[in-house]
Amino acid sequence: MMKRYNPKSIESKWQQAWEQSGIYRAGDKDGRPKKYVLEYFPYPSGVAMHVGHVRNYTMGDAIARFNRMNGYNVLHPMGWDAFGLPAENYALKNHISPKRAIAENTKRFKAQLTQMGFSYDWSRELNSSEPSYYKWTQWFFLLLYHRGLAYRKESLQWWCPFDKTVLANEQVEGGRCWRCGNEVEKKALKQWFFKITDYADKLLADLDDLDWSESIKTMQRNWIGKSKGAEITFEVEGSDTQLTVFTTRPDTLPGVTFMVLAPEHAAVQRITLSQYRRRVSAYIRSVQSSSDIYREKTDREKTGVFTGAYAINPINGNKLPIWVADYVLSGYGTGAIMAVPAHDERDFDFAKKFNLPIVSVVEPKFIAVAGDSAVKAGKEFVKRESVVAVVHNPKTDEYLCVSWKTVPMNGLVTGGINDGEDPVSAARREVLEETGYENLKLVSDPGVYIHSLFYHRQKRQNRWAHFRFVFFDLLDEKRLKVKPEEAALLEPVWIAKDKLESFFTVIEGKYLVKLLDNPDTPYLGEGVMIRSGKYNGLNSSDCRERIVADLTSVHKGKEVTNYKMRDWLISRQRYWGAPIPIIYCTKDGIVPVPEDQLPVKLPELERIEPSGDGKSPLAKLKSFVNTVCPKCGGPAERETDTMDGFACSSWYFLRFADPRNHNQPFSKSKADFWLPVDDYIGGAEHAVMHLLYARFWTKVMYDAGLINFNEPFKTLRNQGMILAPDGNKMSKSKGNTIEPDALIEQGYGADSIRVMELFIGPWNQATNWSTEGLGGAYRFLQRVWTLVNEYVNSDGGDKESDTLKRIMHKTIHKVSLDMLSLGFNTAISALMECVNQLYRIKAEDGFAAVEWQWAIETLLKLLAPFAPHICEELWQNIGGEESIHLESWPNFNQAYLSEDRVTIAIQINGKIRGEISVDQNSSQTEIEFTAKENPKIKAYLVGKQLIKTIYVPNKLLSFVVK
RNA sequence: GCCGGAAUGGCGGAAUUGGUAUACGCGCACGACUCAAAAUCGUGUUCCUUUUUGGAUUGAGGGUUCGAGUCCCUCUUCCGGCACCA
């Protein structure tokens, strides 16, 4: 009697059996090579996991199971990221303690994970909010502290004077408190920081060797934001104040025309002249009351005020007015800049708005390095003062260009400027001589130059042309006759603007088109120095080094590297976190809690709401706060802030290697055995938070000698998000979440969901969930179920079947290869094809072949990482004694991967015109002969001349005919 | 604005090095079974024209090639991230 496929009746049975037999427990050492497969440990919030979350764990589980079957000692653990704000807010909302909330939610999450049949080693389960765990989080805080990487500093935070509380940036709306509507202000609070900036260079450099997606690496690179430059010190006229600025372009120092300070800059009050005070103060007030969100808008118009003071340019003594403006950020560099409007877009906008001078000191320089005009090495350059006539025909919107007849050179009308001749006349003369057009209207002569270095084919010399651009409109088409010697050389052509860029052979087309759009625009690139005294004529990049060297020698500047990344603020004025293990003593100051007094336990509190005075609720608990100084024994107070939850998640992957260690966070040998993590799987949302913090802590541990490796995650896999069927992100508020519980309840079963999660699309690509598609996965498993049970109830036979062997070996080959590259979707489609073919054989021949037992065993093994329950059940049905998940992965035999007969496509002039069937590895001559005999092909060849024949073995034959 | 990624049927998607585009699944249509429905099994399914033949087609345009979804150039759209970082 054959049972119907009913997941409900088999899945929980096997889940219990697996847990009881402990087959997924990782032994610390057993001689096999290790594999550490890890998914981000989840945050057990009040909202249950939906099918989007489940995909993450399904991928990890398939990888873990595949590796187990391939002989690896696999560590695949699970735990709970339990501390932090969401749990606390959930508890507050439901009027229960966070501890209870976490207990309830982890129970629910664990049940969800278990019902999916994931192969976790639950004996290593951990919870970051338990003292046995956070004791070591505090221990790491102390490690950082003792290594000079944790410090306390005052920092500005949003503060609501009515609610008497600190607000997060996103809780400030239009400069007002989101709760009471009062205007907020910034208040300085003492906070703890981790000095992640000390590791900026290592965090940046080591990214190169990681097997992570390019996009995440780029995000981390941008976040770290390294930029090399210099700090330059300016004297303030009539004051002993000095202003130091950071710049990446010290070469543009001669072009500085004003200075700008951030409104928060410490020197603003000191240098502002008395008659400017009121306006400056008013400006600063208005800036402070505007929200960060508003200040971060880059498209708003620049604002600022003059302080009345002047700085002195250290290189040329120029007087530079000092302004205050909020486009300069206080948190980056020194909070002050030297403004070079000719070579910086922001400074340019500011100068335009406030009518400040713009002095260009760098002229673009383009060197032709490729093509016919590329400069010839070793030849002298012939320098020429030249002019470029840009002639625009307003009627056709085309530009007058010339094409050389004798050599492959295209360009605008250019020519040398004769002695004593002004550029505009020179330009008119060249246009007339070369093209005959005489009626030109001067549009503008903005004094724009470029340097162009190229090989002049006609003159056979390397040219260094210093081109001045003069802009004309064509008044009429009247042309004078061009001298024959010019006409023999050049041909005038009119080129539309969108074709210009690719037309030019000598001048950089991209720059030119930009110039035509707007000649009045800052030049941001490198080039030749002008108006720079002794630096004139230098390349800007060389000039950069010279100026920094010169300033360094007189102590007015130095080379500096800056990072966008800031130190990591870890203080949280909230209850639900690991207490910061620090004691403040009036006599001894900041005293770290001694190691033997850890953990500093988080006391259980009745009321955990933020207290309203900007301190954590712990501050109210005298029995917690009041303590004795570990140094002098006198009365002292505890730090009452707790640590950012990201501290807990910065080392959990190490704890999994040794989760029950009471003496250390982990033993070195176990950590070095299991880590680094071989496959780390999770969404991209942690790109610059957790993934950067965890790398930072790992590097600190490495430097402290705790571990042998300095990167925690060798390979990172960012799985693609599952969207709701409507194409939106799944969220409880939108009411479009789909939970696996309901689908299992409906009878689909965990195995179908698992297959669907992986089959739905490439592992790293976002896709919409489809419940109809889930039906397809279910049908597929059902077909497997039916096939195996029909086989079990059949009489069998003893015929040999090569076809069956071929099908199975091909499937083993395809699935094995796909698993290595995470091609789960194609692996599953190969299994579907395999089952379809097995049905076909069954329909033709029944179960007569002797290979059926092997074929079905193989099929189940290949399917086991995806659908562990049904495979286990069927495995027992066909006589398996041990768990299928302890079996070895099948091997394929190369001999069965190809067919005896192959179909060769016949192309004529690149078009498929027919196909022929031949024995595998037939010779080209044979195939050509067969092809030419084919009547269809013959028709195409008759009366034509065969020029070329291309043969791709076992695939394609291509005739080229005329 | 900058950086990263993508675009293939009605839908999700497949396609070693350039070598028969549309595998697999969904949906749809038809057939078998059934009193009937569901389930299951089978057949078909890129588009246009069509008896067959044939033609077109991988976001758009151009290029290289005997041959391009795949390589090169230009552009469009979408997704993700960063955003006054001097």
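Protein chains get the first letters and strands the later ones, always in sequence-line order, with residue 1 at the start of each. Keep in mind that what you see is a predicted model, and the values were worked out from it rather than measured. Values below: all heavy atoms of this structure, side chains included; hydrogens, waters and symmetry mates excluded.
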Could you state the [atom1]-[atom2] distance from [X] to [N], rounded to the nearest angstrom?
X: A:Ile912; N: B:rA21; atom1: CD1; atom2: P; answer: 5 Å
X: A:Lys955; N: B:rU20; atom1: NZ; atom2: C1'; answer: 10 Å
X: A:Glu345; N: B:rA83; atom1: CD; atom2: P; answer: 18 Å
X: A:Leu956; N: B:rA68; atom1: CG; atom2: C1'; answer: 13 Å
X: A:Arg779; N: B:rG42; atom1: CZ; atom2: C1'; answer: 14 Å
X: A:Ile904; N: B:rG19; atom1: CD1; atom2: P; answer: 15 Å
X: A:Tyr839; N: B:rG25; atom1: OH; atom2: P; answer: 13 Å
X: A:His813; N: B:rU16; atom1: NE2; atom2: P; answer: 12 Å

- request: Answer with yes or no whether A:Gln907 presents, from its side chain, a donor or acceptor under 3.5 Å of a partner atom in the base of B:rG19.
  value: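 Indeed, a donor on one side and an acceptor on the other fall under 3.5 Å apart.
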
- prompt: Say you pick atom P in B:rU74 and the same atom in B:rC79; how far apart are they, in whole Å?
  reply: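 About 24 Å, rounded to a whole number of Å.
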
task: Syn or anti for B:rG9, please, going by whether the chi angle lies within 90° of 0.
output: syn

Using the ring of each side chain (for Trp, its six-membered ring), is [X] parallel, tilted or perpendicular to [Y], with breaks at 30° and 60°?
X: A:Trp785; Y: A:Tyr5; value: tilted
X: A:Tyr693; Y: A:Trp568; value: parallel
X: A:His690; Y: A:His686; value: perpendicular

May I ask you to say what [X] touches in the nucleic acid, namely base, sugar-phosphate or nothing, with a heavy-atom cut-off under 4.0 Å?
X: A:Asn825; answer: sugar-phosphate
X: A:Ser215; answer: sugar-phosphate
X: A:Thr218; answer: sugar-phosphate
X: A:Thr949; answer: nothing

task: Considering only NZ, NE, NH1 and NH2 on the basic side and carboxylate oxygens on the acidic side, decide whether A:Glu214 and A:Arg221 come within less than 4.0 Å.
output: yes

A:Asp326 side chain, from C-beta outward: closest of B:rA86, B:rC84, B:rC66: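 Within the option list, the nearest is B:rC84.
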
message: Quick check for you: among B:rU40, B:rG4, B:rA23, whose closest atom lies nearest to any side-chain atom of A:Gln782?
response: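 Of all the options, the side chain of A:Gln782 is nearest to B:rU40.
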
query: Going through the distances and angles, do A:Lys814 and A:Asp818 end up as a salt bridge (charged side-chain N to carboxylate O under 4.0 Å, His left out)?
result: CA-CA 6 Å; A:Lys814 172 76 177 149; A:Asp818 282 349; 3.3 Å; yes

task: Any chance you could measure A:Tyr839, atom OH, to A:Arg783, atom CZ, to the nearest 0.5 Å?
output: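 The distance works out to 5.0 Å.
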
field: Quiz item: cation-pi between A:Lys226 and A:Tyr563, 6.0 Å / 45°
entry: no

query: Quick one: on RNA chain B, does A:Ile950 or A:Gly773 contact a more 5' nucleotide (nearest heavy atom)?
result: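 Nearest-nucleotide comparison on RNA chain B picks A:Gly773.
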
Intra- and interstrand pairs of RNA chain B - dot-bracket, Watson-Crick/G-U under 3.5 Å, | marks other strand: (((((((..(((......[....)))((((((.......))))))(((.....)))..(((((..]....))))))))))))....

query: With side chains defined as the heavy atoms from C-beta onward, is the minimum distance between A:Trp323 and A:Leu261 less than 4.5 Å?
result: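 No, too far: nothing below the 4.5 Å cut-off.
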
